[in-house]
Structures are given as C-alpha cells and as structure tokens.
Number of protein chains: 2
Amino acid sequence: MNYSVSEENYIKAIYNLNGNKQPVSTNALAETLDTKPASVTDMLKKLKAKKLIVYQPYQGCRLSAEGVKVALNIVRRHRLWEYFLAEKLKFEWNEVHAVAEELEHVSSPKLIERLDEYLGFPRFDPHGDPIPDHEGKMQTLKQVKLTQLPLHTPAKVSGLTDQSTDMLELLRHRRISIGTAVEINRKFGFDHSVEIKIQDNPLFIISEQAAQHILVHHE
Amino acid sequence: MNYSVSEENYIKAIYNLNGNKQPVSTNALAETLDTKPASVTDMLKKLKAKKLIVYQPYQGCRLSAEGVKVALNIVRRHRLWEYFLAEKLKFEWNEVHAVAEELEHVSSPKLIERLDEYLGFPRFDPHGDPIPDHEGKMQTLKQVKLTQLPLHTPAKVSGLTDQSTDMLELLRHRRISIGTAVEINRKFGFDHSVEIKIQDNPLFIISEQAAQHILVHHE
DNA sequence: ATTTATTTTTAGACAAACCTAAAAAATAAT
DNA sequence: ATTATTTTTTAGGTTTGTCTAAAAATAAAT
C-alpha cells in the first residue's frame, strides 16, 4: 500500500509515457528517469512482483489496474501541490514542477484531502492538466488555444505554451491566471487580435501572438 | 550543502537532545531514532567527516557550529509546516507533528521563504515552540500557564499541555487558537477562574482547570 | 536468410543505511 | 583495585537502488 520514492517515480514515468494504454520500452523509461536500462529492468521485476505493472522480458511494460490507481494518486498529489505553489505561494508557472516533484512523495492521505479542500477542489493545475479527484476521476474538457475559442463561449484559462518571463509578465499585468474565466467578445480580422471579457471586468484586447500561447478549456 | 533524510533526522535528534549544548550519548540517539546503537555509530562517523558534529569515540557527540545551522534550518522547516497544517489546513494540534516530519525534508529554500511569507512570518508553532527565522534566530519569550499570567498583561496563546478532544473543542468554541492575543482582566479567588479579554472582543470566563493547560507568551 | 545493429537482460559490484553478534572501552560495584 | 555491568564500537551481513560490462534476444538491413 505504501511505495518508495523510487517506485513512485517509476510508476509516474510509466504513466506519463502513456503506459496505461500502450507498452513502454525499457530505454524510454531509462531516458526519462535519467538512469540506465539495466537499473530499469531491475525495478520492472520488482514492480511486476508487486502486481503494479504487466511485464514480460523484452516486451516493454504497462500499468496494471492497480498500477493506474497508484499513478493517478501520485499525479493527484503532484498537481495539487503545483496548484498550491502557483496560487498560494505565487510561484511562476515554470517553477512549480520541480518543487512539486518533491512534495508529491509525502504520503499522508489526510494531508492531500485537506489540501484539496483548502484549495477549493481545483480541477486543473497551472499547466492546464486535469487534477484527478480522490477516486482518480478527472475532467477531460477540450483544451484549445485562445485564438481558436469560438465567440461568446465561456471558458477558463488552463495553461500556457510559452512560459517565458515576458509572457508571464504580460499575464500578470492583465490579471490573467490559471482558472480565470474568459470569453471572446470580438475578433479583429486585420491583425487577428481578440477582444476578451475577463470575469465581469472591463473588456480588453490581446494580440494574436499572445493569444496563441494561452490555452483555455470549454465545454 | 544538501543532506539525506537520514542525516537530517540524526542532526535534528541531536539538536532536540540538547546536543548544541551538552554531549549526547549514542544510546540516547538510538532510542529517539528507534534504531540500534551500532547504526548510530556508523552515522556519527559520517557526520563527523562532514564536520556537522564534534565526536570522539566513547565520548558522545555535539553539534558543530555548522551543525547547529543545519539543525535550525530543519527545525524552521518543521515548525513552519506545523503552523501551516494547523492554521490553514485545520489539523488538530496533536496531528501536525507526524505530517511535518515528512514535509520538513523537502529542501527547496524558496519554498520555505515563500511559505513563511504566506503564513505571515509566524514566530511560534502550534505547540508554542519558537520558529527560527531565515537566519536561524528565534524569539525566546517566557512561556507561562494562563493561570500564572499577571493581571492586565498582554500575552499570546502559544501552546497547550492538554491536547485532548475535549480541550480542543472548548478552545474552538471560545475561538482561542495559537497566536490569539489574550489579557487577564480579573481573577476570582473563590474558584481561581479567570476573566479574560480576547483581542477586542467580549470578556469571558475560563475555569482554572482549563486555564492551567493553556500556555501563553508575554514580554 | 544471414548478417548487422539495436535493445534488453544478466552477472557481478558498489554505496547508503540498516542489522546481529562479538569485542573493547568506560562506568559502577564490591 | 579488581570484578561486574553497561555503553559503545568493530566486524561482517542484508536490502534498496544504482552502476558497468558482457551476453542474449529482437529488429533492421543487406
């Protein structure tokens, strides 16, 4: 029921390499975990013995049903901490990942449930990735670039494809952050800039260059 | 500059056993760390090699100047997380320690500075122990039982000697928590109950039994 | 269909942190 | 001042997770 930091990192890596759907190769894992293929083989045997993965030598590995459950729990912890760091501690969107890598291994279930509650049960992390709930379920809304959002369609900012300092500064200035409700009021054909409405505040215009890098979720 | 979880636990244990002042015995360490004396000896050699402790075989060990610095940093992390858990996530005062034991090993300095700021630079944890600042300095106020607080002396609730459910419920009802400003307005000789003023709110009375278990700090 | 190249696994080692059992030093008791 | 007791250290092993180098299996290329 309780796994080591290493085991958790392998499970998470397999999950992130889509190992709940397709088999993941030993080399791919070694690559993402920054370790050697021989070490990966050792761990795969261990995870197989614990029934967290399905693994036949030379055939790659996939997560078992139980493995997926464990993976979703790790992902949940990771993304909740990312949300906390960005939203409460005002970390930049590009800084949260590294710190969350450490925090995600703190295993108290009560801590995570309370944190979730404290944060107001957020459904997306600062990168726009969905946060699994305590049962492992997560929302799968369409994520599109702001430039592609239809007119007058309520949406929520869910991520960025450019996290440069300049971009972050622009968003801070416009008071746009993760979860901000936006709606496009008008599109200008000339330069493809868009006029947006934020929550119930004043309208304003965003250039195509910027809008291209803002991801939003809508129904 | 960066230490393993085990190393940190040893350093913290030595600090908690007053190892910044008097030598700490191998057995005492084995006891508090729930390990065997032989394992302690191994680690003491390692910590000595890293100049974190002063250690001569058979003579016990003490923290070096550098060791004290490291210890204060761990204690800072621990107590800040305890404060966070109690204040923000509404953990009971007796639940925070175990979870903070895990969180304290997350080593990002920026995380801790931001957390400190987010919490409003608290100076005492939920047990009434002082939280070292980023330089390792901490406040050393007199801690006395509420029954012993002189009349009309502003003080702050800093801890409890009884953390039973009943006690916690009583305090919640009276809206008393860590850091609450209190002042004794009147003492009743008959039953030794005390009339207290909380912040600028209405006066009310607390029995001697309860007041005995409430610790407060004052100048 | 072989040969060549790539991927993966085995075999044997190593460091960290722990253990048990036995030896050595320090302390207490006669 | 010896002897007995307690404390601490050494010696040798175990587990977890890593490594290198060599062997085996799979995939690609002629």
Side-chain angles (χ1 to χ4, degrees), chain A residues 1-15 17-19 22-63 67 70-71 74 101-102 104-107, chain B residues 1-15 17-19 22-63 67 70-71 74 101-102 104-107:
Chain A
M1 210 94 191
N2 235 15
Y3 305 102
S4 74
V5 170
S6 274
E7 288 170 332
E8 289 194 347
N9 281 334
Y10 275 86
I11 292 289
K12 193 181 52 155
I14 296 168
Y15 179 85
L17 289 168
N18 268 307
Q22 331 145 12
V24 171
S25 78
T26 301
N27 268 5
L29 271 171
E31 174 77 17
T32 62
L33 288 166
D34 196 26
T35 180
K36 302 289 155 169
S39 309
V40 173
T41 302
D42 284 351
M43 183 58 92
L44 293 185
K45 287 181 188 167
K46 205 172 139 189
L47 295 177
K48 184 188 182 180
K50 294 192 177 187
K51 299 185 191 294
L52 293 171
I53 62 171
V54 178
Y55 164 64
Q56 287 302 91
Y58 297 101
Q59 303 307 129
C61 69
R62 288 188 319 101
L63 291 174
V70 174
I74 300 166
E101 289 277 288
E102 288 196 67
E104 73 188 1
H105 300 295
V106 174
S107 62
Chain B
M1 209 90 192
N2 236 16
Y3 305 102
S4 75
V5 170
S6 274
E7 287 170 332
E8 289 195 347
N9 282 333
Y10 274 86
I11 292 289
K12 193 180 53 156
I14 296 168
Y15 180 86
L17 290 168
N18 268 307
Q22 330 145 14
V24 171
S25 78
T26 300
N27 269 4
L29 272 171
E31 175 78 16
T32 61
L33 288 166
D34 196 27
T35 180
K36 302 289 155 170
S39 309
V40 173
T41 302
D42 283 352
M43 183 59 92
L44 293 185
K45 287 180 188 168
K46 205 172 140 190
L47 295 177
K48 184 187 181 180
K50 294 191 177 188
K51 297 184 192 295
L52 293 171
I53 63 171
V54 178
Y55 165 64
Q56 287 302 91
Y58 298 100
Q59 302 307 130
C61 69
R62 288 189 318 101
L63 291 175
V70 173
I74 301 166
E101 289 278 288
E102 288 196 68
E104 73 189 2
H105 300 296
V106 175
S107 63

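Atom set for the values below is all heavy atoms of this structure, side chains included, hydrogens, waters and symmetry mates excluded.
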Validation row: Tyr3(B), Ile11(B) side chains within 4.5 angstrom (heavy atoms): no

Pairwise distance CD1(Ile14(B)) to CG(Leu47(B)) - rounded to 0.5 angstrom: 6.0 Å

Near-strand residues of residues 49-61 of chain B, defined as heavy-atom separation under 4.0 angstrom from DNA chain C: Tyr58(B)

Integer-rounded Å distance: dC19(C) P and Met43(B) CE: 11 Å

Interatomic distance, Leu29(A) CG vs dT8(C) P [rounded to whole Å]: 10 Å

Of all pairs that satisfy side chain to side chain donor-acceptor pair (under 3.5 Å), the ones with a partner from residues 47-58 of chain B, not counting sequence neighbours: Glu7(B)-Lys50(B), Lys48(B)-Gln56(B)

Distance test, side-chain N/O of Tyr10(B) to OP1/OP2 of dC18(C), below 4.0 Å: yes

Euclidean distance, Ile53(A) CD1 relative to Leu44(A) CG, rounded to 0.5 Å: 4.5 Å

Nearest-neighbour nucleotide for the Ala38(A) side chain, dT18(D), dC18(C), dA21(D) considered: dA21(D)

Sugar-phosphate, base or nothing in reach of Thr41(B), heavy atoms under 4.0 Å: base

Atom pair distance, as rounded to whole Å: CG in Leu44(A) and C1' in dT8(C): 10 Å

5' priority, DNA chain D, between Asp42(A) and Ser25(B) [closest heavy atom]: Ser25(B)

side-chain N/O Ser4(A) vs dT16(D) OP1/OP2, d < 4.0 Å: no

Interatomic distance, Lys45(A) NZ vs dA11(C) P [rounded to whole Å]: 8 Å

Partners meeting side chain to side chain contact (heavy atoms under 4.5 Å, CB included) with Pro23(A) (sequence neighbours left out): Arg62(A)

Whole angstrom value for the distance that separates C1' of dA22(D) from NZ of Lys36(A): 16 Å

By side chain to side chain contact (heavy atoms under 4.5 Å, CB included) - contacts of Asn27(A) (at least two apart): Ser25(A), Pro37(A)

Ser6(A) side chain near dT16(D) phosphate (N/O to OP1/OP2, under 4.0 Å): no

Between dT8(C) (P) and Glu31(A) (CD): distance, integer Å: 12 Å

Below 4.0 Å: OP1/OP2 of dT6(C) and any side-chain N or O of Asn27(A): no

Sugar-phosphate only, base, or nothing, as touched by Ser39(A) at under 4.0 Å among non-hydrogen atoms: base

pair Asn9(A)-Lys12(A): side-chain heavy atoms closer than 4.5 Å: yes

